[in-house]
Each structure stands twice: as C-alpha cells, then as structure tokens.
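Notes follow the structure.
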Protein chains: 2
Amino acid sequence: MKVPKISEAVVKRLPVYLRYLNNLKAMNVRTVSSQQLGEALDLNPAQIRKDLACFGEFGRKGIGYEVNYLVEKIKSILKLDQQINVLLVGAGNLGHAISNYNAYLKDNMKIIAVFDADPNKIGKKIANLTIQPLSELKETVKEKSIRIGIIAVPAEAAQSVADCLVDAGITGILNFAPTNLRMPEDVRVHDADVTMELHSLAYYL
Amino acid sequence: MKVPKISEAVVKRLPVYLRYLNNLKAMNVRTVSSQQLGEALDLNPAQIRKDLACFGEFGRKGIGYEVNYLVEKIKSILKLDQQINVLLVGAGNLGHAISNYNAYLKDNMKIIAVFDADPNKIGKKIANLTIQPLSELKETVKEKSIRIGIIAVPAEAAQSVADCLVDAGITGILNFAPTNLRMPEDVRVHDADVTMELHSLAYYL
DNA sequence: TAGATTGTTAATCGATTAACAATC
DNA sequence: TAGATTGTTAATCGATTAACAATC
C-alpha cells in the first residue's frame, strides 16, 4: 500500500473541508467543484484537489466532487467513522464550556468522562457527566477505550495531568493550558491557548 | 525604514517565546541562549535566532539573550506595550469561560465589554462586566477604543456578528464559532474552533 | 586567549500554485 | 461534440536548517 507522507497543513484543512461540505449536504447540494470550494473557503482550488488526491481519487473529471461521498471519505480519513471517546480534565469555567461541545462534535466523537483534582468537585455533574477524581483516570481510560484527552487545568497542573494521560495510554491531547507540554514523540499535542491567539492577533493591529 | 515581510509562522511563535521567557523571568533567570530556548520549546535554535533577527539585534554574541530585555522587545513587537481593549460577543457557556481570561492576558490586554443578542441576558453580569445589547456595540467600540473582538456565538449568528464588528471598525477577530467568516482583506481572523482541533487530532490516532 | 553564541548567508527542504493532458 | 473539471507534473515560492564569520 502506498503511504505518502501527509503534511500537517493538509490534515488541518480536512476538518475545514468537512465542515463546509456538511453545510452543503444540509442544503442538499449534490456536487461541488474545487473552484467553488476554493471560493467559499478562501483557498486555492489546486491546493484542495491536491489535498484530497493524497487520499484517493474522490472526484470526477468534468463534474467535480459528489458532496455526500466526499463527506464520508473525509470522515473516514479523520477516523470519524469510528467511535472516538474523549475525556476532559478540569471542571472549571473552561472545562464547563467544553463539556457542552458534544452537540458540535457529532456522530462518533464524544466527551464521555470529566476529571478534576479538587475534592469538592468530585461527584458533581457537568453536562450530565459526573466529575471523577484523577485517581480513577487510568482505569476509566481502559474501561471506556478513551483515546483523546482535553486539558483544561491551570498551567501549573498541566504537565502532570498530561503525564497521567500518557501513562493511561492516551496519544492525542488538546491542551488549553498556557504552557508547553513536554511529551514523548508518539503523543500528538494540539495547543489551544486563547491568550496566545489574542497575543498574535495583536501583532496585526 | 527596512520592513521585511514577516511570515505568519514567525508571528505565531512570538507569543510562545514570550510565554516561556516570562517563566524564566519569574525564576530570575538573567540570560538565555537560542540553544536553551530551542530545547525547552522543541524548536530549532537557528529558527529562533532568525525569528528574532527579523525585528532587530536583541542578543549578544557569546552571551545569549537578556531575558528581561527580550521580554520587553517581544511585547513591543506584539503591541502589548500599548493598551489593547477587547470585546466579547456571546455570553453563553464559552463566553462565560472566556470572560475569565483577563487574569491570563495580563498587562495591557483586557476584555472590557460583553455583548449578547438575548434580551434576557442584557444587564446581567459575567466576570464583573455587564452584558450589553448588540445595538450598543458600535458606540462602545468607539468610546472605549476597542480593537479586538472575540466571537463566541452559534455558527448561524457568527457572520452577522462579524459584520457588525467590522462595521464598528474592529480589524482583529478571534472566532470560536464553527464557521468560515467571509471578511474584507484588512481584517485578520484567527479561528479557534474546538471541534476542528479535535477532528484533526483524530487523524493521528 | 579560548569557548560560546549570535546574526546571517547559503543549502535544503517542503508547501503552494500553475498548467495541462485525461476524461466525464 | 464542446465545455468543464479532475488528478498530477512541473515551476514557483517560502520556510527551515546548517554552517560559519564576527565578536562577546
């Protein structure tokens, strides 16, 4: 099997395509060309075709891409055709907000467990999930086949929480804490620090 | 004046440097080399030197960079030496969490106004800011010299909110809504859709 | 002075865009 | 058939990394 190296940039764009294609699907649009996608998403049509061609031949010359078919294909590339269970660590303001994201994640991705270090929060509920102590993390990950962890704790606690996640077998982390996590090579970390986004935005003012 | 074109990648890394340098500063570290920074942040030392060299000669050969000095320089590059006022639209779960970020933004960046479309929320308080109606947005932006807007509303409302922001003179937007905003060229949009981050993370599992 | 480390040039690497034959 | 649009190759562009003279 041919396994061409897929760049990070390509992978970041796939969910963008998926999101827009889902809109088209909801509007019962049958087919779409790379030209139309490019206009809607502010991307070069050649780039879109090349991105998709990394994974197969999904379009038809002279016609374009069938929306429903492409949605399924991208979902499968992103593994969203499988059940992907997610856990959240941190039941503060941000954690509370994130726990409500299940509606957006849709389909097969779901936040199914929440943890916090604060004894006073254990047992309480957010978004109908019961807050568990960190001591139960490893076991829950195994039992419920959790594959992604979201870190929404203060910076000071983030590294040790991340270490716990890795120890439990998690290999994908979305980190909201304002700190650089040191992780083994096989663990993928996506940073989502609001402060950093605002700071880089300021440059362009 | 020499104005070399600064790439987006460089600008995204500046806040990363700043965050770590602030840690060093808090630990009373005097100087740091690109080598040390690179190890801590998982970046190539040459890249760090090159990034910084875009803006001036901040280091000393044989010595490295003076931490306090570099902090000030990067702050000034990012315009964080000026007062930067930020507004937030959307007082739902996410908006509530974001309104508590002022502690992290520090210094001169501050969320100073919150808006929502829901009449029932007008007048209520989150993080000691009173929720205002969108009708007051334009005036408030002028009065309080607000320069950045954060969008934390549902996807359906995001484009029209963004249009309001642009109409009010905002040129920097941090968009949490899961939708592609169509904006004039001079408006800078940073996307922060949690769903997309999780979806792209799934690819690597 | 000797060792360390910058700023910068040159080399490499990778990503984006243009162009076009294939074909629906 | 004629027009449209893909998949893909080649050309371009830009970003990262290596290497080193300058110098603290």
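Letters A, B, ... mirror the listed sequences (proteins, then strands); counts begin at 1.
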The side chain of [X] lies closest to which of these nucleotides: [options]?
X: Lys50(B); options: dT17(D), dC24(D), dT17(C); value: dT17(D)
X: Ala46(B); options: dA19(D), dG7(D), dA15(C); value: dA19(D)
X: Glu57(A); options: dT8(D), dT8(C), dT5(D); value: dT8(D)

Inset, instruction - Return yes if a side-chain donor-acceptor contact under 3.5 Å exists between Thr179(A) and Gln159(A), otherwise no. - result: no
Legend entry - Lys73(B) to Phe55(B) six-membered ring, cation-pi geometry met (6.0 Å, 45°):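 Pair Lys73(B)/Phe55(B) does not count as cation-pi.
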Length of the [atom1]-[atom2] vector between [X] and [N], whole Å:
X: Ile48(B); N: dA18(D); atom1: CD1; atom2: P; answer: 13 Å
X: Ile63(A); N: dT23(C); atom1: CD1; atom2: C1'; answer: 10 Å
X: Leu43(B); N: dT17(D); atom1: CG; atom2: P; answer: 8 Å
X: Lys61(A); N: dT23(C); atom1: NZ; atom2: P; answer: 6 Å
X: Phe55(A); N: dT8(D); atom1: CZ; atom2: P; answer: 14 Å
X: Glu66(A); N: dT6(D); atom1: CD; atom2: P; answer: 14 Å
X: Asn44(A); N: dT6(D); atom1: CG; atom2: P; answer: 12 Å
X: Asp51(A); N: dG14(C); atom1: CG; atom2: P; answer: 17 Å

Legend entry - Heavy atoms of other groups near Lys110(B) NZ, more than 12 under 6.0 Å: no
Legend entry - Within 6.0 Å of CD in Glu139(A), more than 12 heavy atoms from elsewhere: no
Just N and O in the side chain of [X]: are any of them under 4.0 Å from OP1 or OP2 of [N]?
X: Ser34(A); N: dT6(D); result: yes
X: Arg13(B); N: dT16(D); result: yes
X: Arg49(B); N: dG7(C); result: no
X: Tyr65(B); N: dG7(C); result: yes

Inset, instruction - For dT12(C), give its Watson-Crick or G-U wobble partner with both distances under 3.5 Å, or none. - result: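 Paired with dT12(C), as far as the under-3.5 Å criterion goes, is dA15(D).
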Inset, instruction - If dA21(D) has a Watson-Crick or G-U wobble mate with both distances under 3.5 Å, name it; if not, just say none. - result: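 Partner of dA21(D): dT6(C).
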Legend entry - Sub-4.5 Å side-chain heavy-atom contact between Phe176(B) and Ile150(B): yes
Inset, instruction - Tell me which of Gly62(A) and Gln47(A) sits closer to the 5' end of DNA chain C, going by the nucleotide each one is nearest to. - result: Gln47(A)
